[in-house]
There are 2 protein chains.
Amino acid sequence: MSLRHALLGLLAEKPASGYDLLKRFETSLAMVWPAQQSQIYGELAKLNEGGLIEITGTGARNRREYGITDAGRAELREWLTEPGLDLAFRSAALLRVFFLWTLTREEGTAYLERFARENRERLATLEAIRDNVEWTGDPAQIAGWLILEYGIRGSRTAEEWARWATEQLTEHLP
Amino acid sequence: MSLRHALLGLLAEKPASGYDLLKRFETSLAMVWPAQQSQIYGELAKLNEGGLIEITGTGARNRREYGITDAGRAELREWLTEPGLDLAFRSAALLRVFFLWTLTREEGTAYLERFARENRERLATLEAIRDNVEWTGDPAQIAGWLILEYGIRGSRTAEEWARWATEQLTEHLP
DNA sequence: TAACTCATGTAAAAAGTTACATGATTGG
DNA sequence: CCAATCATGTAACTTTTTACATGAGTTA
């Protein structure tokens, strides 16, 4: 149930509408927790009903702005301080690598080269963001900066790995 | 729909029962595509019904061994050679980092230190596996080795990042 | 013979995706 | 005034998780 906590976390920073939150999921949070529009609106309704967030204002075009409540802040805090740390993740791109041996060597290395290229491109994108954002000392922004740096280092590692893996496949596959 | 392809990929190597496959999901595949027992058995039934796999033998304790069919191999191949490359992933552990600024500096750094430690432990585990497995030249094993190396490099990068992030939080959070 | 591992199945709930549906406001 | 963006909602479907349920063979 991480989506609800992601929403609570975003609202802890400042009040926002479903639409505002959707935009954040499409940009900064896309990297660590993708979410669809339908899911966001649905979850907001539940959080509101449960008293973890509340409507703090309305605007044009039926806009509803939500703010986090004390109960919401407590729930967020509890989640953040939970002892367990789940390092698990799912990657369809890596899963495919597992079965690359069923293809020809050329097809296999082509896939890994594509993998490398995509990561190199993402690296460039993330570095551009890092270098163009105006970094104030805002606490929430600092957390975002840490994640961005994770993405940069991760992309670099993934690209280097993919180039190394291409070589291995070339050498070791018949 | 990656689970079905993961199953097809495993069966492309050699026939196996649902239980055998479950064990592989708990070990090697856990890193890139976790799956529950109920999901595996359900998907196997569907694949069998769809003619992508077939029963190739039975054993004690109601054991049923499945093998991949030509249709299954074709489906696997199609999936592996699809043009799109989905780099997206979900990480609850990273999502939490986004909201660390809502905690005290001590709580925040404690989380990142835990993050570092868990990754260091995983690194040690994976390196131990790499150093103790007997590496034959088997193509399927080589693919597994590439994934293992990805895990090793990724854990190392994550650990280093977490230590760096701890420093940043100490410096920049009030 | 008791505990453990092997072995499969299914039901219910939760989470996530895709698609459809609608309408207001704003900027060029 | 037209296109783009803002803004929300929901229905249907797929995927994943959790839990319950059962029983056969193996090992100490």
Side-chain angles (χ1 to χ4, degrees), chain A residues 1-8 10-11 15-27 29-50 52-66 75 79 84 86 88-92 95, chain B residues 1-8 10-11 15-27 29-50 52-66 75 79 84 86 88-92 95:
Chain A
M1 265 200 310
S2 288
L3 177 67
R4 62 190 293 109
H5 297 112
L7 291 168
L8 288 173
L10 289 174
L11 291 175
S17 69
Y19 192 80
D20 294 338
L21 295 166
L22 175 60
K23 294 297 143 188
R24 304 242 10 215
F25 273 93
E26 285 171 353
T27 53
L29 266 78
M31 237 177 75
V32 296
W33 205 269
Q36 305 296 316
Q37 176 258 25
S38 62
Q39 222 188 336
I40 291 168
Y41 282 106
E43 197 60 47
L44 281 174
K46 281 185 213 164
L47 285 167
N48 185 40
E49 215 188 323
L52 301 177
I53 63 175
E54 60 188 357
I55 295 174
T56 54
T58 54
R61 302 185 193 100
N62 209 27
R63 176 189 172 89
R64 235 155 309 156
E65 214 169 64
Y66 294 100
E75 170 66 30
W79 175 67
D86 183 18
F89 68 96
R90 268 194 172 78
S91 166
L95 181 61
Chain B
M1 265 201 308
S2 287
L3 177 66
R4 62 188 294 108
H5 297 113
L7 291 168
L8 288 173
L10 289 174
L11 292 176
S17 68
Y19 192 81
D20 294 338
L21 294 166
L22 175 60
K23 294 299 144 187
R24 303 243 11 216
F25 273 92
E26 283 172 353
T27 52
L29 266 77
M31 238 178 74
V32 296
W33 205 269
Q36 305 297 317
Q37 176 256 26
S38 63
Q39 220 188 338
I40 292 168
Y41 283 106
E43 197 61 47
L44 281 174
K46 282 185 212 163
L47 285 166
N48 185 40
E49 217 188 321
L52 301 177
I53 62 175
E54 60 188 356
I55 296 173
T56 54
T58 53
R61 301 186 193 100
N62 209 27
R63 176 189 172 90
R64 235 156 308 155
E65 214 168 64
Y66 293 100
E75 170 67 30
W79 175 67
D86 183 17
F89 68 96
R90 270 193 172 79
S91 166
L95 181 60

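Letters go in sequence order (proteins before strands), and every chain restarts at 1.
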Which pair of heavy atoms, one from A/Phe25 and one from A/Leu7, lies closest together, and at what distance?
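Between these two residues, the closest heavy atoms are CE1-CD2, 3.6 Å.
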Heavy-atom closest pair, residues A/Tyr19 and A/Tyr41
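In terms of heavy atoms, the two residues are closest at N-OH, 3.3 Å.
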Roughly, in whole Å, what's the span from [atom1] in [X] to [atom2] in [N]?
{"X": "A/Arg24", "N": "D/dA7", "atom1": "CZ", "atom2": "C1'", "value": "18 Å"}
{"X": "B/Glu43", "N": "D/dT15", "atom1": "CD", "atom2": "P", "value": "7 Å"}
{"X": "B/Arg63", "N": "D/dG23", "atom1": "CZ", "atom2": "P", "value": "21 Å"}
{"X": "A/Lys23", "N": "D/dC6", "atom1": "NZ", "atom2": "C1'", "value": "8 Å"}
{"X": "B/His5", "N": "D/dT15", "atom1": "NE2", "atom2": "P", "value": "10 Å"}
{"X": "A/Tyr41", "N": "D/dA11", "atom1": "OH", "atom2": "P", "value": "17 Å"}
{"X": "A/Leu3", "N": "D/dT16", "atom1": "CG", "atom2": "C1'", "value": "15 Å"}
{"X": "A/Glu26", "N": "D/dA7", "atom1": "CD", "atom2": "C1'", "value": "13 Å"}

Are A/Arg64 and A/Ser17 linked by a side-chain donor-acceptor pair shorter than 3.5 Å?
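A/Ser17 and A/Arg64 do not have a side-chain donor-acceptor pair below 3.5 Å.
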The side chain of A/Tyr19 is closest to which nucleotide in this list: D/dC6, D/dA19, D/dA11?
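The closest nucleotide is D/dC6.
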In terms of side-chain heavy atoms of B/Arg61, which of D/dT10, D/dA24, D/dA7 is nearest?
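Nucleotide nearest to B/Arg61's side chain: D/dA24.
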Give the first and the last nucleotide of DNA chain C, reading 5' to 3', that has any atom under 4.0 Å from a heavy atom of chain A.
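Extent of the interface on DNA chain C: C/dA15 to C/dT26.
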Side-chain contact test, heavy atoms from C-beta onward, threshold under 4.5 Å: evaluate it for B/Leu29 versus A/Leu95 and give yes or no.
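Yes, at least one pair of side-chain atoms sits under 4.5 Å.
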Would you say that B/Thr58 contacts B/Glu65 through its side chain, given a criterion of any heavy-atom pair below 4.5 Å between the two side chains?
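B/Thr58 vs B/Glu65: side chains apart.
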Using the ring of each side chain (for Trp, its six-membered ring), is A/His5 parallel, tilted or perpendicular to A/Trp79, with breaks at 30° and 60°?
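A/His5 vs A/Trp79 ring planes: parallel.
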Under 4.0 Å, heavy atoms only, any strand: does A/Ser17 hit a base, just the sugar-phosphate, or nothing?
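Answer is sugar-phosphate: A/Ser17 comes under 4.0 Å of backbone atoms only.
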Base, sugar-phosphate, or nothing: which does B/Arg4 touch, judged by heavy atoms less than 4.0 Å apart?
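Since no nucleic acid heavy atom lies under 4.0 Å of B/Arg4, the category is nothing.
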Assess whether a salt bridge exists between A/Arg24 and A/Glu26, defined as any Lys/Arg side-chain N lying under 4.0 Å from an Asp/Glu carboxylate O.
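No salt bridge links A/Arg24 with A/Glu26.
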